[in-house]
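Encoded as structure tokens, the structure appears first; notes follow it.
Note that this is a predicted model, so its numbers are computed, not measured.
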Amino acid sequence: MDAADAIVHDDWHTLLDAHPIFHFLAHSQPGQGESVTEQPLELSTSTFSTFAQDSHSEHGYVSSGRRQLMALKDADLIVAAGSELRMTSLWDAKLGRGIGKSYKVLHVPNVNFQIHQLALNPSGKLLAVAGAYQVAVVVLPRVGYTKVVSSSIDCKAVQVGQFYHGTTSSVPIAKVDWHPWGEAGSTLMVMTLDGKLREYDISVDSEEPQQVLSFIPEKKSRSFLAQDPAEREVTSFTLGRGRADWGPLTVYALTRSGDIYAICPYMPRNASVPSSFIHALECFIAAKQEFVSQDTSAATSNLSTLYDYQHKYVSALIKQLPPGTVFPAVSRSVPMHPPNTIKSQPLRQGPFLLQPSPRVLEGSEGGDATDMSYMAFADDVEEDYEGETERLGIIVVTYQDGKADVYLDVEKVEARWESKQERDSELPMFAVYETIDLGLLSMLNTPSSSANSLLDLLQANHPVILSDPIHDDTIYIYHAFGVHSLEFGDLLRSLATALRADDDDGATLNNALERSVGTHVSSILSTFSFPRRCSNPVIALCVPNDVYLSYSILILTSVFQIASFPLTLRTALSHTVSLSSFEPPLPSTTAPSTSTELTAPASFVPSDLLTPMDGPPAYIPLLGTEPFTPPAILTRRTSLPRLSSGAAREFMLTPDTLRFLGTQVTLITTHIRAVLLAHKSVEDRIELQQTEFARIQEKCGEMLHLIERLRERVKETQGAKEEGVVGKMEMIKGKHKELMGRADKLLQVLMNGASPELSECETKWFEELGRMKAEVTGAGKFDEGSLKSRTALLKREYERIMPSLRDTIAKEEQRRKRVSDNSRSLGVSQAFELGKRSNTEKTKIVELEKDIVKMASQMQISLGKPPLQYDKEGVEESH
């Protein structure tokens with residue numbers, strides 16, 4: 001590796017490239033009820049059907065395509081391969097410089113399913129492992145696990161909600177995440193596609209949820225609602241943010257159709273809440289009550305009632321604060337529970353109105369929504385300015401077709417509870433700021449015969465959002481075709497400056513919105529191969545947040561190939577440095593122009609014999625019509641900064657000198673990366689020219705083949721007369737088919753004239769069929785009262801009870817056998833007691849015989865021999 005590559009990869013690429021933790025398992029153990037199928041490693045037109053088949057469950061749900069198979073615990077890297085969990089220390093790998101690379105396998109018998117998602121809890125001790133239908137929580141080993149001699153480490157694990165997430169007949173899992181305010185970091189939130197968010201407290205009960213939030217209402221059995229199935233499937237959820245409002249107590253849910261719903265207030269059953277937030281929320285509600293009290297109109301009566309409910313809720317929270325927690329004391333986390341003072345359930349608010357309507361990408365039919373993220377404004381440099389800026393929130397929603405919508409949360413959601421008045425309230429609203437195109441459509445929509453098939457690959461795309469752990473204004477979107485970064489720093493700073501202005505007419509805000517440059521989008525990695533027309537989807541992304549590890553980004557593809565790129569920490573002096581300076585040397589592939597209006601060169605004079613036909617040209621070159629222009633950085637002599645100027649003088653190490661050196665190092669590093677990027681663009685141009693040369697050769701072959709077909713057609717025309725009889729027979733068959741069609745239409749007209757409407761019996765029959773269908777299949781996908789759902793539930797209960805019944809029957813059979821064996825033979829004590837009684841009776845019989853013989857002799861009566869003597873003589877004869 002040369003010096004330039006070393007700077008770009010920052011040694012992590014060398015350390016992790018051949019690490020055994022990324023060795024892919026060809027065959028992994030399937031989970032419970034899962035079939036043994038090999039998941040394709042690349043996404044292409046030939047493997048697209050397999051991706052589409054795997055994304056549908058047996059109940060018709062579109063399974064979630066979310067993948068996150070890596071997690072970072074300080075300096076420890078955790079990777080999921082199939083159903084196996086692997087763990088290694090990046091710090092040891094960095095110290096050893098690649099010598100003796102190894103990893104430990106976390107032996108967890110409860111995790112016997114294909115792993116799709118990993119989520120580390122806030123304390124770093126628990127790891128949530130989710131598959132398509134099952135969820136488990138693994139207790140991670142302690143720090144000294146690398147010193148264990150064995151390659152496997154036994155870890156404790158528990159299954160979560162086996163009744164709800166136990167088998168393939170369960171509702172697929174959309175997303176799992178830990179609540180940041182859960183006590184001891186043990187509150188796990190599991191969202192399923194049917195819109196139910198279940199909260200599990202692992203330290204209390206891992207089987208039954210503590211709370212259940214429903215974002216999709218149940219369908220009524222005897223009602224009909226024309227609704228798109230995508231509107232009843234939830235794909236993601238996120239928690240709100242804020243300092244002195246209801247943001248942290250709000251949960252947002254995103255449906256597959258792009259609708260957003262919210263529930264507020266929501267607090268974990270066992271929560272640990274900062275005391276400063278409770279006091280700030282109390283001040284926020286008190287200010288609103290004071291403002292409403294000044295207006296006595298009828299329009300504010302509903303608001304007054306709502307604020308009274310909110311005041312009761314917050315008052316119940318304040319009562320749980322320990323004595324001595326008085327504002328503005330130092331904030332600390334306080335254990336709390338959701339208040340029970342309000343009996344009504346929190347209201348589901350939404351769907352949110354999007355004003356103005358988001359744009360649709362050109363050439364796209366609109367893809368499904370996949371993920372969402374909530375970002376809050378935070379500027380530590382200017383902490384003295386507070387007010388509207390601290391309540392500004394940004395929501396980012398991603399779609400399959402590569403679209404990312406940016407919404408501004410200008411009117412934050414407040415706590416509401418179910419009531420008759422709230423049902424008629426207005427819908428909440430998000431302000432649509434911009435629509436971002438990640439360039440996936442232009443990349444796949446190439447001017448070739450297989451363009452439509454390449455666009456079909458977007459149906460298997462599932463973009464996922466990951467927030468930067470250091471910079472709150474940066475997020476990363478990884479998908480099936482690469483990774484993009486979105487930086488909102490310039491946007492937030494411009495909006496903050498406008499909101500802090502003192503003008504009342506809003507002119508400053510309008511000017512800031514008009515001059516805003518928008519979100520800065522950068523392509524970090526592209527996994528789509530244009531010559532091979534396939535892509536390796538990105539299945540995991542991590543950004544280290546440890547003082548011993550360099551600030552970089554780790555990207556894992558479906559073939560378990562790791563890619564690492566360094567990132568630059570931004571400071572107050574580096575606000576002017578664009579994020580594009582830190583783009584890695586693998587940019588996204590630039591799609592060629594798809595315009596059909598091509599202008600011929602000026603020196604070309606078309607001939608009268610070759611006049612082109614109207615319409616789009618028959619062949620569109622990939623290179624376009626404009627000549628290739630080399631990057632400017634390769635044409636100019638140098639653009640490196642000068643480190644010194646003027647006469648030499650004594651060198652002194654001061655803070656200004658260190659800042660100057662840091663700035664110069666950043667500029668030089670940026671220049672090196674720009675040169676590497678330009679070099680890569682030239683290589684891409686060469687590769688594109690080679691591809692164009694191959695296409696030209698292929699097109700020439702097609703033209704030669706077409707000429708040969710035209711010559712054969714001339715020869716066949718000469719012998720067409722001999723085939724006239726065959727043509728007549730085909731014509732007769734066609735006429736006969738046409739007559740049969742006309743006869744069918746005439747018969748249908750006669751039937752309609754004789755009986756234009758259905759009879760009463762037929763109408764009742766169809767109504768009965770509809771009623772039977774509703775009873776069997778249910779009114780909707782989530783109808784729990786249908787015979788189909790009840791049969792599935794009965795089957796699950798039967799499968800759960802049968803093993804214990806079989807064990808009971810086997811134990812009963814063993815007990816009966818033991819009793820029957822004991823009844824056939826006597827024991828020692830029983831035989832002894834029986835012999836003792838037999839001797840006693842024998843003695844009595846002998847005495848009785850003597851008395852009878854004595855009485856017979858006195859009465860002079862002759863008697864025969866006693867029975868005992870007969871028995872004695874018989875025994876002696878036998879001997």
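A cation-pi arrangement is found for Lys312 relative to Tyr309, the charged atom lying closer than 6.0 Å to the ring centre and inside a 45° cone about the ring normal.
We find the CZ-CD distance between Arg790 and Glu797 to be 13.5 Å, quoted to the nearest 0.5 Å. Here Leu794 contributes atom CG and Ser789 contributes atom OG; the two are 12.5 Å apart, rounded to the nearest 0.5 Å. The CG atom of Leu254 sits 12.0 Å away from the CZ atom of Phe237 when rounded to the nearest 0.5 Å. To the nearest 0.5 Å, the span separating OG on Ser236 from NZ on Lys175 amounts to 4.0 Å. Atom CD1 in Ile216 sits 6.5 Å away from atom OG1 in Thr255 (nearest 0.5 Å). Within the model, atoms OG1 of Thr398 and CG of Asp371 stand 5.0 Å from one another, a figure rounded to the nearest 0.5 Å.
Between Tyr478 and the choices Arg67, Gln68, His484, the side-chain hydrogen bond (donor to acceptor under 3.5 Å, both in side chains) rule is met once, by Gln68. Of the residues Glu199, His179, Gln211, the one that meets the side-chain hydrogen bond (donor to acceptor under 3.5 Å, both in side chains) test with Tyr266 is Glu199. Among Glu233, Arg232, Glu231, the single residue meeting the side-chain contact (heavy atoms from CB on, under 4.5 Å) criterion with Arg256 is Glu233.
With sequence neighbours excluded, no residue forms a side chain to side chain contact (heavy atoms under 4.5 Å, CB included) with Thr791.
Counting heavy atoms from C-beta on, the side chains of Arg269 and Asp201 never come closer than 4.5 Å. Here the side chains of Ile260 and Tyr407 are in contact, with some heavy-atom distance below 4.5 Å. Residues Leu492 and Ile394 are in side-chain contact: their nearest non-hydrogen atoms beyond the backbone lie under 4.5 Å apart. When side chains are defined from C-beta on, Leu239 does not count as touching Trp181, because their heavy atoms never get closer than 4.5 Å.
Using cut-offs of 30° and 60° on the angle between ring planes, the pair Phe352 and Phe430 is parallel.
A donor and an acceptor atom, one from each side chain of Asp468 and Thr474, are nowhere located under 3.5 Å apart. Using modelled atom types and a 3.5 Å distance limit, the side chains of Thr435 and Asp405 yield a donor-acceptor pair. Judged by distance alone, the side chains of Tyr252 and Gln349 never bring a donor and an acceptor atom under 3.5 Å apart.
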Practice problem: Could you check Phe277 against Val334 for side chain to side chain contact (heavy atoms under 4.5 Å, CB included), going step by step and ending with a plain yes or no? | Solution: CA-CA 11 Å; Phe277 171 75; Val334 179; over 6 Å; no
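Using a cutoff of 4.0 Å between basic side-chain nitrogens and carboxylate oxygens, Glu775 and Arg771 are scored as salt-bridged.
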